[in-house]
Asker: 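Input: one structure, supplied below.
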Amino acid sequence: MAVTYCKISVAFAAFLTVEAIMTISKFAATLSGVMTAAFVAFAAQAEEVRVYNWSDYIDEEILKDFEKETGIKVVYDVFDSNEILETKLLAGKTGYDIVVPSHAFLSRQIKAGIFQKLDMAQLPNAKNIWKDVADRVARFDPGNEFSVNYMWGSTGLGYVKEKVAERIENPPTNSWSLVFDPKYAKKLQDCGIYWLDAPTEVMPAALAYLGKDGNSRSADDMKEAAALLEKVRPFVRKFHSSEYISALANGEICVAIGWSGDVLQARDRASEAKKGVTVEYSIPKEGTQMWFDQLAIPADAPNPKAAHKFINYLLEAKVIAKATNYVNYANGNLASQEFIDPEVLADTAIYPDAETVKNLFVVDTYAPKLQRVVTRAWTRLKTGQ
C-alpha cells in the first residue's frame with residue numbers, strides 16, 4: 001500500500017510546474033518552522049527547577065515572575081527543620097535542584113560531598129553579594145564555592161505582650177530567663193510556650209543564658225545546658241519550627257523561641273488582624289545565635305543549569321529585596337538595600353546595629369561525638385525518655 005502511494009505521488013509530481021513545486025516547498029518549510037518553534041516552546045515550558053526551602057520563606061510572586069521570565073516551571077516544596085533536610089540529602093537522589101541548608105549543616109554536608117560547586121560564570125548577579133556576609137559564611141563554606149546567602153537573622157524570643165504582662169509583673173522580655181527560669185516559665189505555662197524543634201538553636205541559647213560560650217565544644221557544657229532545659233521542660237507546650245508563627249499572630253500562645261523573621265511575620269499578621277494582639281521580638285541580652293541560610297545545588301541535581309538561573313534571579317537586587325520585604329529577614333545582597341522598605345532596613349531586629357551584633361555569635365558544626373551527645377539530650381527532652 002505504501003509503495004503504491006509513493007508511485008502515485010511521484011507520478012503526480014511530474015505534472016507540477018516549477019512554481020507549484022517551489023510554493024509547496026515554501027509551505028513545507030514554513031510548516032516545519034512553525035512545528036519546530038512550537039516544539040521549542042513546549043520544551044521550554046516543560047523544563048522545571050525543583051526547589052526545597054524553609055516554610056513561609058518567600059514571596060510566591062517571585063516564583064511566578066521567574067516562570068514568566070524564563071519559561072521554567074518552579075516546583076517548590078518546603079521543610080521546617082535542618083534535620084529533615086539533611087536526612088533527605090544523606091539518603092541521596094532527592095530530585096531537588098536547589099536546597100537551603102543553614103550554615104552549620106552546610107559545612108558538614110559539603111565535606112560529605114553532597115553539593116556541587118557553583119559555576120560563577122552562570123551567576124553574573126553575584127556582583128551584588130554582600131562581602132561582610134560572605135566572609136562570615138566562608139567559615140563554613142571556604143571560598144564560598146558551594147553556596148550563596150539567601151537570608152540571615154538571629155534566634156530570639158517572640159512573645160505576645162499583653163498575655164505575658166498579665167502573668168508576670170515587669171517581665172524580663174529581654175532575657176532568656178523568660179523561658180529558662182522556672183519561676184517565669186511556670187507562670188506562662190497556661191497560655192503556652194513553644195520551642196523551636198532544633199537542638200542546634202535551643203542548646204546554644206541555654207549555654208548563653210548560663211554564661212557559657214554559645215559555641216562551646218564541651219560535652220560537659222552540653223549536659224549542663226540539657227539539665228537546665230529539663231527543669232523547664234514541663235512548662236513547654238510544643239516543639240515546632242513553624243507553627244509558632246500563626247500561634248503568636250492569633251494570640252494562642254504567650255511566648256516562643258523562634259527565628260527573627262518568623263516572629264516579625266507574626267507581628268505583622270497580628271497588627272493587620274487588629275484583634276488586640278501585640279507580638280514583639282527580642283534579642284536576649286545574654287547573647288544569641290546569628291545564622292545563615294544558604295542556596296546550594298545538590299551533586300545529583302536533575303537540572304543544575306536551571307538551578308543556576310534561579311539562583312542568579314534571586315541575586316537580582318530588586319528580586320531579593322522583594323523577598324526581604326515579604327519575610328522580614330535580612331539578605332546577603334548589599335545592592336538590594338536600595339530597594340528594601342525603609343522601615344524594614346531600619347528595624348534592628350532585622351538588620352541589627354553594631355551594638356546588637358556584639359551579642360550575636362555563630363555556632364560551628366558539631367563533631368560527630370558531640371552531635372550524639374546533643375541528639376540524645378534533645379530526644380530525652382522531647383520524649384521524657
Side-chain angles (χ1 to χ4, degrees), residues 53-62 80 100 102-103 128-137 148-161 173-174 176 196 198 201 205 208 241-242 244-246 248-249 255-272 277-295 314-363:
N53 198 359
W54 293 84
S55 58
D56 298 294
Y57 212 24
I58 198 167
D59 183 342
E60 293 188 2
E61 288 300 315
I62 291 174
D80 65 7
V100 193
S102 298
H103 60 277
N128 295 329
I129 289 174
W130 191 353
K131 187 177 182 301
D132 289 353
V133 173
D135 286 348
R136 288 184 180 240
V137 173
V148 296
N149 182 253
Y150 176 58
M151 298 285 169
W152 60 271
S154 60
T155 304
L157 295 169
Y159 59 95
V160 178
K161 185 177 179 179
T173 53
N174 67 336
W176 285 119
L196 288 169
E201 300 287 350
S241 296
S242 61
Y244 66 92
I245 302 174
S246 58
L248 284 171
V255 64
I257 297 176
W259 290 303
S260 52
D262 284 358
V263 175
L264 296 175
Q265 284 186 51
R267 177 195 66 183
D268 293 347
R269 292 181 191 178
S271 177
E272 291 168 3
V277 176
T278 306
V279 176
E280 296 190 352
Y281 177 74
S282 170
I283 294 178
K285 62 183 180 181
E286 297 88 357
T288 192
Q289 183 174 175
M290 182 182 191
W291 49 262
F292 305 89
D293 286 339
Q294 301 292 114
L295 298 162
L314 289 178
L315 285 171
E316 288 186 18
K318 288 184 177 180
V319 173
I320 199 65
K322 186 174 183 179
T324 284
N325 290 334
Y326 182 85
V327 301
N328 284 319
Y329 280 112
N331 68 67
N333 187 308
L334 187 60
S336 73
Q337 294 185 17
E338 178 184 352
F339 307 103
I340 292 173
D341 290 344
E343 289 184 5
V344 172
L345 196 60
D347 192 333
T348 56
I350 303 173
Y351 283 91
D353 55 29
E355 191 63 30
T356 305
V357 170
K358 290 179 182 179
N359 278 340
L360 301 180
F361 55 82
V362 178
V363 175

Asker: Grab the two heavy atoms, one from T324 and one from A330, that are nearest each other, plus how far apart they are.
Answerer: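 Where T324 meets A330 most closely, the heavy atoms are OG1-C, 4.2 Å.
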Asker: Atom CG of D56 and atom OG of S242: how far apart are they, to the nearest 0.5 Å?
Answerer: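 Atom-to-atom, D56:CG and S242:OG are 6.5 Å apart.
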Asker: Are the side chain of Y150 and the backbone of Y57 linked by a donor-acceptor contact shorter than 3.5 Å?
Answerer: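 Yes, because the side chain of Y150 sits within donor-acceptor range (under 3.5 Å) of the backbone of Y57.
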Asker: Starting at CD1 of I320, measure out to CG of L334 and round the result to the nearest 0.5 Å.
Answerer: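 Interatomic distance, I320 CD1 to L334 CG, rounded to 0.5 Å: 13.5 Å.
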Asker: As a quick check of understanding, evaluate side chain to side chain contact (heavy atoms under 4.5 Å, CB included) for V319 and I62, giving each step before the final call.
Answerer: CA-CA 7 Å; V319 173; I62 291 174; 3.8 Å; yes
Asker: Donor-acceptor pair, distance only, cut-off 3.5 Å: does the side chain of Q294 make one with the backbone of V137?
Answerer: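 No, the answer is negative, given that no donor and acceptor are paired below the 3.5 Å cut-off.
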Asker: Side chain to side chain contact (heavy atoms under 4.5 Å, CB included) for V344 and N328? Distances and angles first, verdict last.
Answerer: CA-CA 7 Å; V344 172; N328 284 319; 4.1 Å; yes
Asker: Quick one: does W259's side chain have a donor or acceptor within less than 3.5 Å of a partner on T155's backbone?
Answerer: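 It does not hold such a pair.
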Asker: Of the options V357, I283, I350, which is the one that meets S154 in a side chain to side chain contact (heavy atoms under 4.5 Å, CB included)?
Answerer: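 Single side chain to side chain contact (heavy atoms under 4.5 Å, CB included) partner of S154 among V357, I283, I350: I283.
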Asker: Is there a side chain to side chain donor-acceptor pair (under 3.5 Å) between Y329 and D262? Walk through the geometry before answering.
Answerer: CA-CA 8 Å; Y329 280 112; D262 284 358; 3.1 Å; yes
Asker: Considering non-hydrogen atoms only, spot the tightest contact between A270 and V277 and give its length.
Answerer: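 Residues A270 and V277, closest heavy atoms: CB-O, 3.4 Å.
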Asker: Could you state the interatomic distance from CD (E201) to CD1 (I257), rounded to the nearest 0.5 Å?
Answerer: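 It is 10.0 Å, given to the nearest 0.5 Å.
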Asker: Which atom pair, heavy atoms only, marks the closest approach of S282 to N174?
Answerer: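 Shortest heavy-atom separation between S282 and N174 comes out as OG-CA, 3.4 Å.
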Asker: Decide yes or no for D135 and W130: does some side-chain heavy atom of the first lie under 4.5 Å from some side-chain heavy atom of the second?
Answerer: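 They are not in side-chain contact.
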Asker: Taking all heavy atoms of D59 and all of K322, pick out the closest pair and write down the distance.
Answerer: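 In this case the closest contact between D59 and K322 is OD2-CE, 3.4 Å.
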Asker: Does this structure show an ion pair linking R269 with E272, if we count only N-O contacts that are shorter than 4.0 Å?
Answerer: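 No, no charged N to carboxylate O under 4.0 Å.
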Asker: With D268, which residues qualify under salt bridge (Lys or Arg N to Asp or Glu O under 4.0 Å), at least two apart?
Answerer: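 With neighbours one apart ignored, the set is empty.
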Asker: If the plane angle is over 60° it's perpendicular, under 30° parallel, otherwise tilted; pick one for W152 and F292.
Answerer: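 Rings of W152 and F292: tilted, as their planes differ by 30° to 60°.
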Asker: Any heavy-atom pair between the side chains of D293 and N149 that's under 4.5 Å?
Answerer: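 The answer is no; the side chains never approach within 4.5 Å.
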Asker: Taking all non-hydrogen atoms of both residues into account, name the closest pair between G158 and L248 and its distance.
Answerer: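 Answer, listing the atom of G158 first, then L248: O-CD2, 3.8 Å.
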Asker: Looking only at heavy atoms, what is the nearest atom pair of S260 and G153, with distance?
Answerer: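 Here S260 and G153 meet closest at OG-CA, 3.7 Å.
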Asker: Given 3.5 Å as the limit, does a donor-acceptor pair link the side chain of W54 with the main chain of V100, or not?
Answerer: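 Indeed, once roles are kept as given, a pair shorter than 3.5 Å links the two residues.
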Asker: Show the numbers, then the answer: is there a side chain to side chain contact (heavy atoms under 4.5 Å, CB included) between V363 and W291?
Answerer: CA-CA 8 Å; V363 175; W291 49 262; over 6 Å; no
Asker: Does G287 offer a backbone N or O that forms a donor-acceptor pair with the side chain of W176 under 3.5 Å?
Answerer: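 Flag set: sc W176 to bb G287 pair under 3.5 Å.
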Asker: OG1/T348 to OH/Y281 distance, rounded to the nearest 0.5 angstrom?
Answerer: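 Between atom OG1 of T348 and atom OH of Y281 there are 10.5 Å.
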Asker: Test your reading of the model: is there a side-chain donor-acceptor pair from N333 to the backbone of L315, 3.5 Å cut-off?
Answerer: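 Yes: the side chain of N333 pairs with the backbone of L315.
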Asker: For residues T173 and L157, determine if any side-chain heavy atom of one lies less than 4.5 Å from a side-chain heavy atom of the other.
Answerer: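 SC-SC contact between T173 and L157 ruled out.
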Asker: Give me each pair satisfying salt bridge (charged side-chain N to carboxylate O under 4.0 Å, His left out) with a member in residues 323-347, each pair once, sequence neighbours excluded.
Answerer: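 Residue pairs passing salt bridge (charged side-chain N to carboxylate O under 4.0 Å, His left out), neighbours aside: R267-D347.
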Asker: Could you tell me the separation between the CD atom of Q289 and the CZ atom of F361, rounded to the nearest 0.5 Å?
Answerer: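 So the CD of Q289 and the CZ of F361 are separated by 6.0 Å.
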Asker: Before you tell me yes or no, could you show the steps for Y326 and E61 under side chain to side chain contact (heavy atoms under 4.5 Å, CB included), namely the whole-Å CA-CA distance, both residues' side-chain angles and the distance that decides it to 0.1 Å?
Answerer: CA-CA 10 Å; Y326 182 85; E61 288 300 315; over 6 Å; no
Asker: Would you give the length of the straight line joining atom CG of L314 to atom CE of M151, rounded to the nearest 0.5 angstrom?
Answerer: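 Reported value, rounded in 0.5 Å steps: 8.0 Å.
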